Amino acid sequence: MNIHEYQAKHILREYGIPCQDFRVVSRATDIEEAIDSLGVTEAVIKVQIHAGGRGKAGGVKIAKTREAIIQKANELLGMKIVTKQTGPDGVICHQVMISELADIAKEYYVGLLVDRAHAKPLLMVSPEGGTEIEEVAEKTPHKILKVHFGIDGSIDEEALNKVCRFMDWTEKTGEAGKIFIKNLCKAFVENDGEMLEINPLIEDKEGVLWALDAKFSVDDNALFRRAEIKEMYDPSQSNAQEVIAHEMDLAYIALDGNIGCMVNGAGLAMATMDLIKYHGGAPANFLDVGGGANKEKVAKSFGIILSDANVKAILVNIFGGIMRCDVIAEGIIDAAKELQIKVPLIVRLEGTNVEKGKELLKKSQLSIIAADDLTDAAKKVVAHANSSK
Ligand code: ADP
Ligand code: MG
């Protein structure tokens, strides 16, 4: 789950990581009060959205007078922001951060993530901050240093010294840098981080280090023990279908094709999407109804798939293991009655109670196109989606 920059900074501050003081505003009428309580006459105003690259998209503005702060904050509130990470539809900015300006001497990059291959958290640092790290990785990979740290959030002195040398942090800045990195590693692990990016981490004219930006995403599977973070969930930052799926505990990701997919199991869902692509189609979504889905969940899934106007055909691909095919069939029949499915529906069922499931579908008189196997299903759904263009 992603959280906003201001929420991440609240967490970082608890770990003693220096961040400029800020206020967050969601209503235009609160802007002046925020400026007063912050006590500034110049500030940076930043949209709070779940995506990076805000600066380039016009979502970060520097204002040098009180009037300019008010004007820019007003402009950004409610603005639609399209960045590389939001997709073409963009997201609406419902909150802006008004923050103290920093006196930037140098910008660095720091990122923390889980390195699955080595089963350890990984720290990545670069003296090339502020820019896109992907570009640094591609063009000048030697400017990125990677070091693992402990799963308990600890990092040893040797690793810290290595980081300081790489970043050229010496004396007072070196000492501050070690504390900064140490606290960052601790904050990452203690909050079940999946990814934490400080881009840029800056050094000011006095050699003091600050987290100027913070992008934090937390492991969904750990939210049960992170009640405070769970509260930070912001549905306005996801697409409408994804929000319903989240509430129903369904794994759903919207994509830009026209074939709706309903599959059980993430692996089978990936394979189904691959086959659709292979046969010249484009999936409209990834949807894993899960191993033990019931009739209601299947019906709800149909609702989510159909609420995407781009969907021209649906492929149901179920391998009944724990999940019984007759239960799936019942869910399909219920949904079809309730939702009046008008697009072609291709169904491939296999596994537990498959005969009973097929029998139910046949009896229902629904116009379902049955598929014999996965390839047959993919070919049929692509043909139907393409013919209804
Ligand atoms: P994003 O990464 O989404 O574009 P950032 O918070 O990194 O957003 O801001 C983009 C750039 O704006 C920074 O690299 C920095 O140059 C400038 N900036 C951000 N916050 C401040 C601040 N408090 N003071 C001065 N400049 C800032
Ligand atoms: Mg940034």
Side-chain angles (χ1 to χ4, degrees), residues 2-13 17-25 31 34-35 37-66 68-69 72-73 75-77 79-87 90-113 124-137 143-144 167 180 184 188 193 195-217 234 237:
N2 293 322
I3 61 173
H4 287 292
E5 175 193 1
Y6 75 90
Q7 294 165 329
K9 283 185 171 173
H10 281 306
I11 296 174
L12 295 184
R13 279 191 162 168
I17 293 163
C19 304
Q20 272 74 29
D21 203 5
F22 62 83
R23 297 290 180 276
V24 176
V25 175
I31 295 171
I35 299 171
S37 87
L38 198 57
V40 291
T41 49
E42 45 180 40
V44 58
I45 303 101
K46 301 162 116 180
V47 294
Q48 296 298 290
I49 56 166
H50 286 177
R54 296 166 302 171
K56 275 192 184 156
V60 177
K61 304 269 186 212
I62 287 175
K64 297 279 192 174
T65 64
R66 182 184 172 86
I69 302 174
K72 306 261 189 226
E75 269 171 34
L76 294 182
L77 263 181
M79 195 169 139
K80 185 186 201 175
I81 309 281
V82 183
T83 84
K84 260 189 182 173
Q85 295 177 11
T86 62
V91 289
I92 304 287
C93 158
H94 295 290
Q95 291 163 304
V96 293
M97 169 190 279
I98 301 173
S99 164
E100 288 174 346
L101 273 185
D103 201 2
I104 305 174
K106 183 145 180 31
E107 299 192 329
Y108 304 89
Y109 171 91
V110 177
L112 297 90
L113 48 96
M124 295 200 300
V125 298
S126 173
E128 302 289 311
T131 48
E132 284 174 39
I133 195 67
E134 291 83 358
E135 218 167 276
V136 180
K143 290 200 169 146
I144 299 176
M167 302 291 247
F180 196 115
L184 212 52
F188 179 76
M195 199 210 61
L196 171 58
E197 254 186 327
I198 311 296
N199 189 22
L201 179 164
I202 63 124
E203 184 178 333
D204 68 14
K205 303 263 158 67
E206 271 84 53
V208 178
L209 301 176
W210 302 83
L212 210 69
D213 189 7
K215 201 158 171 278
F216 199 8
S217 83
D234 181 356
Q237 298 295 306

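Numbering of ligands and ligand atoms starts at 1, following listing order. Since the structure is predicted, the reported quantities are computational estimates derived from the model, not experimental observations.
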(request) Could you check if a side-chain atom of Val60 sits within less than 4.5 angstrom of a side-chain atom of Asp213, using non-hydrogen atoms only? (result) no

(request) Name the option, out of Ile81, Val60, Val47, that contains the heavy atom nearest to atom 9 (O) of ligand 1. (result) Val60

(request) Heavy-atom contacts with Leu101 under 4.0 Å: which atoms of ligand 1 show up? List them by number with element. (result) 24 (N), 25 (C)

(request) Consider every N or O of Gly55 and every N or O of ligand 1, then say whether any pair is closer than 3.5 Å. (result) yes

(request) Going by the side chain to side chain contact (heavy atoms under 4.5 Å, CB included) test, name the single residue among Val44, Ile98, Leu38, Thr41 that passes it with Ile69. (result) Ile98

(request) From the options Val44, Ile104, Asp21, select the one whose nearest heavy atom is closest to atom 26 (N) of ligand 1. (result) Ile104

(message) For Ile81 versus Val47, what's the shortest heavy-atom pair and its separation?
(response) CD1-CG1, 3.8 Å

(message) Checking side chain to side chain donor-acceptor pair (under 3.5 Å) between Tyr109 and each of Glu128, Glu197, Lys143, Glu132, which is the one that passes?
(response) Glu197

(request) Report the member of Glu197, Arg54, Glu107, Gln85 with the shortest heavy-atom distance to atom 13 (C) of ligand 1. (result) Glu107

(request) Just say parallel, tilted or perpendicular for the rings of His10 and Tyr6, cut-offs at 30° and 60°. (result) perpendicular

(request) Establish, from distance only, whether the side-chain atoms of His50 and Asp234 form a donor-acceptor pair under 3.5 Å. (result) no

(message) Quick test of your reading of the structure: of Glu100, Glu5, Met97, Lys46, whose heavy atom lies closest to atom 20 (N) of ligand 1?
(response) Lys46

(request) Give the name of the N/O/S atom in Asp213 that lies closest to the Mg ion (ligand 2). (result) OD2

(message) Any nitrogen or oxygen of Ala51, side chain or backbone, less than 3.5 Å from one on ligand 1?
(response) no

(request) Among all protein heavy atoms, pick the one closest to atom 24 (N) of ligand 1 and tell me residue, atom and distance. (result) Ala102 N, 2.9 Å

(request) Before signing off on this row, confirm whether Gln20 and ligand 1 have an N or O atom pair separated by under 3.5 Å. (result) no

(request) Please tell me if the side chains of Phe216 and Phe188 come closer than 4.5 Å, counting only heavy atoms from C-beta onward. (result) yes

(request) Apply the side chain to side chain donor-acceptor pair (under 3.5 Å) test between Gln48 and each candidate in Gln7, Gln237, Glu5; give the one that qualifies. (result) Glu5

(request) Could you tell me the residue and atom name of the protein heavy atom closest to atom 2 (O) of ligand 1, and the distance to it rounded to 0.1 Å? (result) Asp213 OD2, 3.1 Å

(request) Identify, for atom 21 (C) of ligand 1, the protein heavy atom at the shortest distance, and state residue, atom and that distance. (result) Leu212 CD2, 3.5 Å

